[in-house]
Protein chains: 2
Amino acid sequence: MAYDLWYWPSIQGRGEFVRLALEAAEIPYVDRARDSGEEGLMADMEARSGRVPFAPPYLDTGGRVIAQVANILMYLGERHDLAPSGMADRLWLNQLQLTIADLVAEVHNVHHPVAMMDYYDDQKPEAARAAKQFREERLPKFLGHFEDAVEANPGDWLIDHRWTYCDTSLFQIVEGLRYMFPRRMKTLEPDYPNLTRIRDQVAEIPAVRAYLNSDRRIAFNTDGIFRHYPELDSE
Amino acid sequence: MAYDLWYWPSIQGRGEFVRLALEAAEIPYVDRARDSGEEGLMADMEARSGRVPFAPPYLDTGGRVIAQVANILMYLGERHDLAPSGMADRLWLNQLQLTIADLVAEVHNVHHPVAMMDYYDDQKPEAARAAKQFREERLPKFLGHFEDAVEANPGDWLIDHRWTYCDTSLFQIVEGLRYMFPRRMKTLEPDYPNLTRIRDQVAEIPAVRAYLNSDRRIAFNTDGIFRHYPELDSE
């Protein structure tokens, strides 16, 4: 049976980390709100009771509903062998995925620093200030951490010699940052060759390549989490 | 053997969620930086290599180092039976803990909206705006979610009839919000009686009561994540 994935239908956003893992592993799923629209997603959330999600994305397995990206990926990792099963490796991957989640939250905060529920246009001066510190201090710190994480493994991937859900997530981080900060990333990326290598290897997974060329992959846009506003970028 | 816990020694911060679970379960640990100071913590971080933490808190088990609050708590939950072992319950608790982590990040963002590495005094007007939306929109949404989560279980706690690391985390959320937003919480709390009940039950766990009365519990202050700035509070 195919999973039901529920997420906003017009953006990559946080849902993309789940989509990529499902696609790379060729796990059948239906991206439900692509058909039903935002209204369908909101109606589905309201109809649920008991152990409900706080926000999309969430995965309906038929028997239960799982929310929070790192939690969904951990489930898929265990259930579909997308991650090593030993405790040390499992915890390390989850730790990295949670650090990716922290980065994603900081990226969102760049264009929505003072009012998450308002428009970017209502907080442009504040966003400019947030972007400067993010570009200059936070971004190199995160990228350096992920570079070190890849380097810490003698194999080709983050762990051993096979990709995990955390490798596909690193791909998405690099793609998103290149879209949002093309000038800054051009300056920084040469310092992180192993991270770029993981990005390239993920792009070459046949199922990922097919996905990226399909209309299932939503293009980056300025409604998502990674947003290209040229005024927030700089070398 | 006692665990080594590493976290900033003068604040509750994110480390407190780990301290509370360890204390409630009477698991031996040494809060290392309470002796060595911030310098000791920074020296320890710099001396590590391989699978290193991005930031404190982290737990050194003797054989490995585990970072990210929800990840540490999941480990303690499995290793010391602080959480049910069935997959559905494990995922549900982790999901709630990650939603608590999201709330904590938004709380920090209230007083540091545009420049995480600068002082609050350098971003007071922006913080006032961030605080208003947080108090009026985000806070009731989070509290309502946790209230519903408690109500979804027929037992006394979040799951079944015993406390888990996620119950001690909800205690900390209520305590922190009462300190940071006393006026707002006075208005809101009557709407969330089950959440308040969990807070009270955790405070009555004998080991927690002993901890709260000890000098191991650092007082809330305006260096931590929950900060009381009266100008950011309102009914």
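Convention: sequence-line order gives letters A, B, ...; per-chain numbering from 1.
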For B:L91, which of A:T61, A:V65, A:N71 qualifies under side chain to side chain contact (heavy atoms under 4.5 Å, CB included)? A:N71
Contact origin within A:A105 toward chain B - heavy atom pairs under 4.5 Å: neither
Is B:M74 close to chain A through its backbone or its side chain, or both, or neither, when contacts mean heavy atoms under 4.5 Å? side chain
Note: A:R51-B:D89 ion pair, threshold 4.0 Å (strictly below): yes
Taking A:G144, A:P53, A:S49 one by one, which has the highest count of heavy-atom pairs under 4.5 Å against chain B? A:P53
Is A:L103 in contact with chain B via its backbone, its side chain, both, or neither, using a 4.5 Å heavy-atom distance? neither
Set of residues satisfying side chain to side chain donor-acceptor pair (under 3.5 Å) with respect to B:Q97, sequence neighbours excluded: B:S169
Just so I know, are the side chains of B:L98 and A:L98 near enough to count as touching, which here means a heavy-atom distance under 4.5 Å? yes
Quick check for you: to the nearest 0.5 Å, what is the distance between B:Q95 atom CD and A:R64 atom CZ? 11.5 Å
Could you list which of residues 118-127 of chain A have a heavy atom closer than 4.5 Å to any heavy atom of chain B, in residue-number order? A:D118, A:D122, A:Q123, A:E126
Report which part of B:L93 has an atom under 4.5 Å of a heavy atom belonging to chain A: side chain, backbone, both, or neither. neither
Counting only heavy atoms closer than 4.5 Å, note whether B:A88 contacts chain A via side chain, backbone, both or neither. both
Within residues 130-137 of chain A, residues adjacent to chain B where the heavy-atom gap is under 4.5 Å: A:A130, A:Q133, A:E137
Identify the heavy atoms of A:H145 and B:V52 that sit nearest to each other, and give their distance. CE1-O, 3.3 Å
Contact summary for A:N109 and B:P113, nearest pair of heavy atoms: ND2-O, 3.2 Å
For residues B:K141 and A:F54, determine if any side-chain heavy atom of one lies less than 4.5 Å from a side-chain heavy atom of the other. yes
More than 12 heavy atoms of other residues, nucleotides or ligands under 6.0 Å from CZ of B:R79: is that the case? no
Filter on side-chain hydrogen bond (donor to acceptor under 3.5 Å, both in side chains), then keep only pairs touching residues 151-161 of chain B, sequence neighbours left out; what's left? none
With chain B as the partner, which of A:T99, A:V110, A:D148 has the greatest number of non-hydrogen pairs under 4.5 Å? A:T99
Looking at B:G50, B:G63, B:A67, which has the largest count of heavy-atom pairs under 4.5 Å with chain A? B:A67
